[in-house]
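Values in this document were obtained by computation on a predicted structure and should not be read as measured data. Both backbone and side-chain heavy atoms feed into the values below; hydrogens, waters and symmetry mates do not. We're numbering straight along the sequence, starting at 1.
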Amino acid sequence: LQLVESGGGLVQPGGSLRLSCAASGGSLADYAIGWFRQAPGKEREEISCISYDGVSTYVAASVKGRFAISRHNPSNTVSLHIVGLKSEDAAVYYCAARWDGDPYTCTAVNSERQYNYWGQGTRVTVSS
């Protein structure tokens, strides 16, 4: 399974973005998907997760209300919708996949060690 993120770029504070994670070499419908981000000098952190069927989702408290995750299995994509961007949201955003058939798997933060496949990341810069 290969993952490719897109949608990053330079955005003004308060702006919006939709990050996409597209898969090839397999069906995303079999995987729970997580979005992580890593800011300069900081550890990578999980921001959001969605179960294979979309039944459960997790959004970190630090971004709740501004970030939302969705998936469209027929097109093999998962999206991270971001509104109200802040300077502290600037980071490289990664999507990751793990084989997990539990519809309630995304109810809390998950360790990056639980994920088997990673994309190369897409950079989000927030600046006026």
With a 3.5 Å cut-off and sequence neighbours excluded, list the donor-acceptor pairs that the side chains of residues 94-107 form with protein atoms.
unit_1 : atom_1 : unit_2 : atom_2 : d
Arg98  : NE     : Asp100 : OD2    : 3.4
Arg98  : NH1    : Tyr115 : OH     : 2.6
Arg98  : NH2    : Thr105 : OG1    : 2.7
Arg98  : NH2    : Asn110 : OD1    : 3.3
Asp100 : OD1    : Asp102 : N      : 2.9
Asp100 : OD2    : Thr105 : OG1    : 2.7
Asp102 : OD1    : Tyr104 : N      : 2.8

For residues 9-19, please give each side-chain donor-acceptor pair under 3.5 Å, one per line with the distance, not counting sequence neighbours.
none

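Remark: Ser70 pairs with Ser79, His81 by the side chain to side chain contact (heavy atoms under 4.5 Å, CB included) rule, at least two apart or across chains. Listed by chain and residue number, nothing satisfies the side-chain hydrogen bond (donor to acceptor under 3.5 Å, both in side chains) test with Tyr31 (two or more places apart in sequence, or in another chain). Under the salt bridge (charged side-chain N to carboxylate O under 4.0 Å, His left out) criterion, Glu88 pairs with no residue at all, not counting sequence neighbours. Partners of Ala22 according to the side chain to side chain contact (heavy atoms under 4.5 Å, CB included) rule, which considers only residues two or more places apart in sequence or in another chain, are Thr77. In this view, Asp53 and Ser51 satisfy the side-chain hydrogen bond (donor to acceptor under 3.5 Å, both in side chains) rule, not counting sequence neighbours.
Counting only residues at least two apart or on different chains, the salt bridge (charged side-chain N to carboxylate O under 4.0 Å, His left out) pairs with a member in residues 62-84 are Arg66-Asp89. Among residue pairs with one or both ends in residues 50-84, none qualify as disulfide bond (SG atoms under 2.5 Å apart); sequence neighbours excluded. Pairs of residues two or more places apart, or lying in two chains, never qualify as ring pair (Phe, Tyr, Trp, His ring centres under 6.0 Å) while including a residue from residues 37-68. The salt bridge (charged side-chain N to carboxylate O under 4.0 Å, His left out) pairs that include a residue from residues 107-121 are Arg44-Glu112, where partners are two or more places apart or lie in different chains.
What you find for Ser27 and Leu1 is that their closest heavy atoms are N-CD1, 4.5 Å. Smallest separation of non-hydrogen atoms from Ala90 and Ala39: O-CB, 3.6 Å. The shortest non-hydrogen separation linking Asn76 to Gly26 is ND2-O, 2.8 Å.
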(message) Is there a side chain to side chain contact (heavy atoms under 4.5 Å, CB included) between Leu28 and Leu3? Walk through the geometry before answering.
(response) CA-CA 9 Å; Leu28 270 187; Leu3 304 177; 4.0 Å; yes

(request) Apply side chain to side chain contact (heavy atoms under 4.5 Å, CB included) to Tyr93 and Trp35, showing your working. (result) CA-CA 7 Å; Tyr93 285 73; Trp35 278 98; 4.3 Å; yes

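With hydrophobic clusters built from ILVMFWY side chains whose heavy atoms lie under 4.5 angstrom apart, Val124 does not share a cluster with Val92. Transitive grouping of hydrophobic side chains (ILVMFWY, heavy atoms separated by less than 4.5 Å) brings Val63 and Val126 into a common cluster. The cluster map of Ile, Leu, Val, Met, Phe, Trp and Tyr, joined by side-chain heavy atoms under 4.5 Å apart, puts Trp118 and Val78 in different clusters. Linking Ile, Leu, Val, Met, Phe, Trp and Tyr whenever their side-chain heavy atoms come within less than 4.5 Å puts Tyr117 and Ile47 in one cluster.
Here the SG atom belonging to Cys49 is positioned 8.5 Å from the CD1 atom belonging to Ile33, to the nearest 0.5 angstrom. Note that CD of Glu45 is 5.5 Å distant from OG of Ser62, once rounded to the nearest 0.5 Å.
The side-chain heavy atoms of Val4 and Gln2, taken from C-beta on, include no pair separated by under 4.5 Å.
Between the Glu5 side chain and the Gln120 main chain, a donor and an acceptor come within less than 3.5 Å of each other.
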